[in-house]
> 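Can you keep this structure in mind? I'll have questions shortly.
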There are 2 protein chains.
Amino acid sequence: MAKTDRFGYKISMSMLLQKCTEAGLKITDQRKVILKVLEESEDHPSVETLCERARQVDSSISIATVYRTLGLLNELGLVLKHDFKDSSARFEVDHGHHYHLVDTETGQVVEFQSEELVALINKIAADLGYQMVDHTFEMFGHKLKK
Amino acid sequence: MAKTDRFGYKISMSMLLQKCTEAGLKITDQRKVILKVLEESEDHPSVETLCERARQVDSSISIATVYRTLGLLNELGLVLKHDFKDSSARFEVDHGHHYHLVDTETGQVVEFQSEELVALINKIAADLGYQMVDHTFEMFGHKLKK
DNA sequence: GTGCTTTTTGCGAACCATTCGCATAAACTT
DNA sequence: AAGTTTATGCGAATGGTTCGCAAAAAGCAC
């Protein structure tokens, strides 16, 4: 049975690698390792963290290669780059768009999607005379008391 | 008649300076110049741009002071810091809540409000069982070709 | 497989926005 | 005016990210 995420998107290494070859990229050992590490990461690792994890598999991998690989994957739309306020960029495999609601009391992160939200922001952009190509949205809140 | 921004918020230098003294900060010529330049900026200038503008009034102002002043004002909540994707941070006097659409081709920032968006995200939070207390939202796009 | 061409790699140096250390110079206090 | 505190300008340091280059590996044709 194929592995899927909570929204039902199928994810697989071979699919990621296929996309890379389709884009004319060569499949190197380093890229395979980095992709695998990224795909297995449940969190949103920084480049440095990612590099450390990759080095545990192949200690010769340099951070420059990690940067280059992530840049490439990001251009292909396979990987999402997040610029959180506190310094360095963080990455995750793009498993389909979802948003985050951070519980301000527990720190827990709730993921959700909303077609309605996507539709509305596209409409807002269009009303302003723009074609939206990207957006960021994050919520902070606490559980409703009954 | 008091000057107001496009959303009707009253803004004034003296108010900003008063907040600074209340916070125990000394009012220096540099701070007055930086504050004035920021307050008169209709755009969302980068630190470097801000520094250039300030230097036209007082050429001895250093970029380190501009950074320090903006950091201070940001801590006081008088100034908003935005980390748009394109490298350097950009600032604006806090005139109340609105959103930003960044033109990916020109770097220009379009401001907008949407009651509909506010209503929708509150509803989304409520549906998830949460009371929203804060959120971030930013759009990136380019002008529609006709 | 063996060549040949193109892409990728690791390394360190370069880059760039931002921050720091420090001695000097202002601002507030009395 | 004198004393205390905070702010400034300078240049050097920092830290994440990118670049240049020669060496290594990948893909392709035979």
Side-chain angles (χ1 to χ4, degrees), chain A residues 16-38 44-52 54-76 78-91, chain B residues 16-38 44-76 78-91 107:
Chain A
L16 291 174
L17 291 175
Q18 190 192 323
K19 293 260 186 176
C20 289
T21 46
E22 275 170 17
L25 298 178
K26 295 185 174 175
I27 304 304
T28 64
D29 289 348
Q30 291 89 332
R31 284 182 181 163
K32 278 190 279 191
V33 171
I34 293 167
L35 220 43
K36 184 160 188 294
V37 166
L38 227 204
H44 296 174
S46 67
V47 177
E48 198 167 2
T49 303
L50 219 33
C51 188
E52 280 166 18
R55 271 179 199 273
Q56 289 175 5
V57 182
D58 176 348
S59 66
S60 76
I61 292 176
S62 83
I63 196 162
T65 296
V66 180
Y67 270 107
R68 284 186 283 230
T69 302
L70 289 172
L72 251 17
L73 296 176
N74 188 46
E75 272 175 30
L76 293 181
L78 300 177
V79 154
L80 295 177
K81 179 181 180 184
H82 300 288
D83 288 302
F84 294 141
K85 302 236 156 172
D86 65 334
S87 70
S88 69
R90 288 161 182 276
F91 294 83
Chain B
L16 291 174
L17 290 175
Q18 191 193 320
K19 292 260 187 175
C20 289
T21 47
E22 275 169 17
L25 299 178
K26 295 184 174 175
I27 304 304
T28 64
D29 289 347
Q30 292 91 331
R31 284 181 181 166
K32 276 189 281 193
V33 170
I34 293 168
L35 219 43
K36 185 161 186 295
V37 166
L38 227 204
H44 298 78
S46 67
V47 177
E48 198 167 1
T49 303
L50 220 34
C51 189
E52 279 165 20
R53 291 178 191 169
R55 272 178 200 273
Q56 289 175 5
V57 181
D58 176 350
S59 65
S60 76
I61 291 177
S62 83
I63 197 162
T65 296
V66 179
Y67 271 106
R68 283 186 282 232
T69 302
L70 289 173
L72 250 18
L73 295 176
N74 188 46
E75 272 176 30
L76 293 182
L78 300 176
V79 154
L80 295 178
K81 178 181 181 183
H82 299 289
D83 289 303
F84 296 142
K85 303 226 162 169
D86 65 334
S87 67
S88 70
R90 302 164 76 162
F91 294 82

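Both backbone and side-chain heavy atoms feed into the values below; hydrogens, waters and symmetry mates do not. Numbers restart at 1 for each chain; the letters A, B, ... are given by sequence-line order, proteins then strands.
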> Which nucleotide in the list D:dT17, C:dC11, D:dG9 gets nearest to the side chain of A:S62?
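The nucleotide sitting nearest to the side chain is C:dC11.
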
> Distance check needed: D:dA25 P versus A:K32 NZ, whole Å only.
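Value for this atom pair: 14 Å.
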
> Regarding A:L25, tell me which of base, sugar-phosphate or nothing describes its non-hydrogen contacts under 4.0 Å with the strands shown.
sugar-phosphate

> Base, sugar-phosphate alone, or nothing: which one does B:S46 contact when heavy atoms must sit under 4.0 Å apart?
nothing

> Round to a whole Å and report the spacing from CG of B:N74 to P of C:dT19.
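That distance rounds to 11 Å.
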
> Hey, what do you get for CZ (B:F91) to NE2 (B:H82), rounding to the nearest 0.5 Å?
9.5 Å

> Between atom CZ in A:R31 and atom P in C:dT7, what is the gap in whole Å?
11 Å

> Side-chain contact, heavy-atom cut-off 4.5 Å: B:K81 with B:L70?
no

> Roughly how many Å is it from CD in B:E48 to P in C:dC15, rounded to a whole number?
16 Å

> Verify whether one side chain among A:Q56 and A:E52 offers a donor that lies under 3.5 Å from an acceptor in the other.
no

> Which nucleotide sits closest to the side chain of A:Y67: D:dT17, D:dC19, C:dT19?
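Within the option list, the nearest is D:dT17.
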
> Can you measure A:D29 atom CG to D:dG27 atom C1' for me and round it to whole angstrom units?
14 Å

> Taking the nucleotide of DNA chain C with the closest heavy atom to each, which residue, A:K26 or A:Q30, is nearer the 5' end?
A:K26

> From CG of A:L50 over to C1' of D:dG16, roughly how many Å is that when rounded to an integer?
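After rounding, the gap between these two atoms is 15 Å.
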
> Should A:C20 and A:I27 count as side-chain neighbours, where that means a heavy-atom distance under 4.5 Å?
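The answer is yes; the side chains approach within 4.5 Å.
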
> How many Å lie between CG on A:L70 and P on D:dT18, as a whole number?
10 Å

> When all nucleic acid strands are considered with a 4.0 Å heavy-atom cut-off, which category describes A:I63: base, sugar-phosphate, or nothing?
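Contact class for A:I63: none.
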
> Assess the residue pair B:I34 and B:R31 against the criterion (side-chain contact (heavy atoms from CB on, under 4.5 Å)); give the C-alpha distance rounded to whole Å, side-chain angles, the decisive distance to 0.1 Å, and a yes or no.
CA-CA 5 Å; B:I34 293 168; B:R31 284 181 181 166; 5.6 Å; no

> Select one nucleotide: of C:dG10, C:dT18, D:dT8, the one nearest the side-chain heavy atoms of B:R68.
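Among the listed nucleotides, the one closest to the side chain of B:R68 is D:dT8.
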
> State which of C:dA27, C:dC28, C:dG10 makes the closest approach to the side chain of B:T28.
C:dA27

> Rounded to the Å, how far apart are B:I27 CD1 and D:dA7 P?
10 Å

> Could you say whether B:T21 or A:T65 is positioned toward the 5' end of DNA chain C, judged by the nucleotide with the nearest heavy atom to each?
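Nearest-nucleotide comparison on DNA chain C picks A:T65.
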
> With a 4.0 Å cutoff (strictly under), does any side-chain N or O of B:S60 reach OP1 or OP2 of D:dG9?
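So the side chain of B:S60 is within the cut-off, an N or O lying under 4.0 Å from OP1 or OP2 of D:dG9.
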
